[in-house]
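Notes to accompany the following structure.
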Amino acid sequence: MKARPPAKAARVFHSGFVAVLGRPNVGKSTLVNRFVGRKVSITSDHPQTTRRRISGVVTTDDCQMVLLDLPGFQRPFDSLTRRMQKTVDETLSEVDAALFLLNAEEPFAGGDRFIAAAVAEAKLPVVVALNKMDRLAEKAMPRVLAEAAQLVPHLSVFPLSALTGNGADALLAELVAAMPEGPMYFPDGEVSDQPLEALIAELVREQALRRTREEVPHAIAVEVASINERKDRPLVEIEANLIVETESQKAIVVGKGGSVVKQVGTAARHEIEAILGVQVFLALRVKVRKHWRRDESYIERLL
Ligand code: GDP
Ligand code: MG
């Protein structure tokens, strides 16, 4: 029997978080700006305490990538402390892919080797680009590309000029191809406070869906009631409600002695902490809202 081709109508959306790595001055910001283009405004009005700043959101027809800047990498690599190692390892365990930039204009250094070693260990797609190719004489290109390839064996190196845009399309395509299936975290065209709530709601919902079956997942909605950044310590307090349609669904989502909602909360909290880079207190409540799926105005509010 012939396998049926996948239905065209159900186009799958892909999305993910991408750590942008590279020594200072390698061209990370320039590249992110190029990728983001004029389509999206970059804002960094996320909590002050955020370690992993969202530097840009790239949205195409069927993919969204949230590019993350890692302040740890903004510093010169003179002190390779254990803390630095920890930051790198943690970050790489929390993103869907890494984009590693090298600078063709300068000799590779300790910082590059440090990142190369970290990404070699990480179990995630890594895309490597050799930036500032426009600064090289044509005959020097093969040699520098070969040196870069040596630094990251098993990975291919994309030649790039973030400044002129040469090579940017191929690089973007490679990144898009590495994104897993996922939701649209931010509405196309903007990054602001509202989407942070949407993102949190989506992360909570995802965890709830994983722990319920049959008709229950469809009946689950999540609303974020409040996000409060504590002034006295690095902590973000979040209140969110898991909305279901019936008491019996509520019993399932709550679980025995609250076990299910507790698991959902813990898993979602870890995800949110990974993104905000700060400790999170997440208060989750399960509420019944009869027939919310038929309430157009309510649905509008959720989205
Ligand atoms: P970051 O520290 O990694 O974010 O680096 P930036 O994006 O701020 O870039 C550092 C400097 O390198 C800036 O002056 C950029 O204009 C320049 N730059 C970035 N990409 C390129 C490139 O492809 N070619 C050239 N010639 N300069 C570049
Ligand atoms: Mg920068």
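Counting starts at 1 for both ligands and their atoms, in listed order.
- Annotation: Leu160 places no N or O atom under 3.5 Å from an N or O atom of ligand 1; distance criterion only.
- Checked against a 3.5 angstrom limit, the closest N/O atoms of Met133 and ligand 1 fall outside it.
- Considering Lys132, Arg34, Lys28 only, the shortest heavy-atom separation from atom 1 (P) of ligand 1 involves Lys28.
- Looking at Arg135 against ligand 1, only its side chain comes within 4.0 Å, counting heavy atoms.
- Applying the salt bridge (charged side-chain N to carboxylate O under 4.0 Å, His left out) rule to Asp232 yields the partners Arg230; only residues at least two apart in sequence or on another chain are considered.
- There is a side-chain donor-acceptor pair under 3.5 Å between Asp134 and Ser161.
- At a heavy-atom cutoff of 4.0 Å, ligand 1 is contacted by both the backbone and the side chain of Thr30.
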Distance-only criterion, 3.5 Å: show the donor-acceptor pairs between side-chain atoms of residues 141-152 and protein atoms not counting sequence neighbours.
from	atom 1	to	atom 2	distance (Å)
Arg143	NH1	Glu147	OE2	3.2

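- When non-hydrogen atoms are compared, ligand 1 lies under 4.0 Å from the side chain of Asn131 (C-beta onward) but not from its backbone.
- For the pair Ile220 and Leu242, the minimum side-chain heavy-atom distance is below 4.5 Å.
- Using a 4.0 Å cut-off between charged nitrogen and carboxylate oxygen, Glu245 and Arg289 do not count as a salt-bridge pair.
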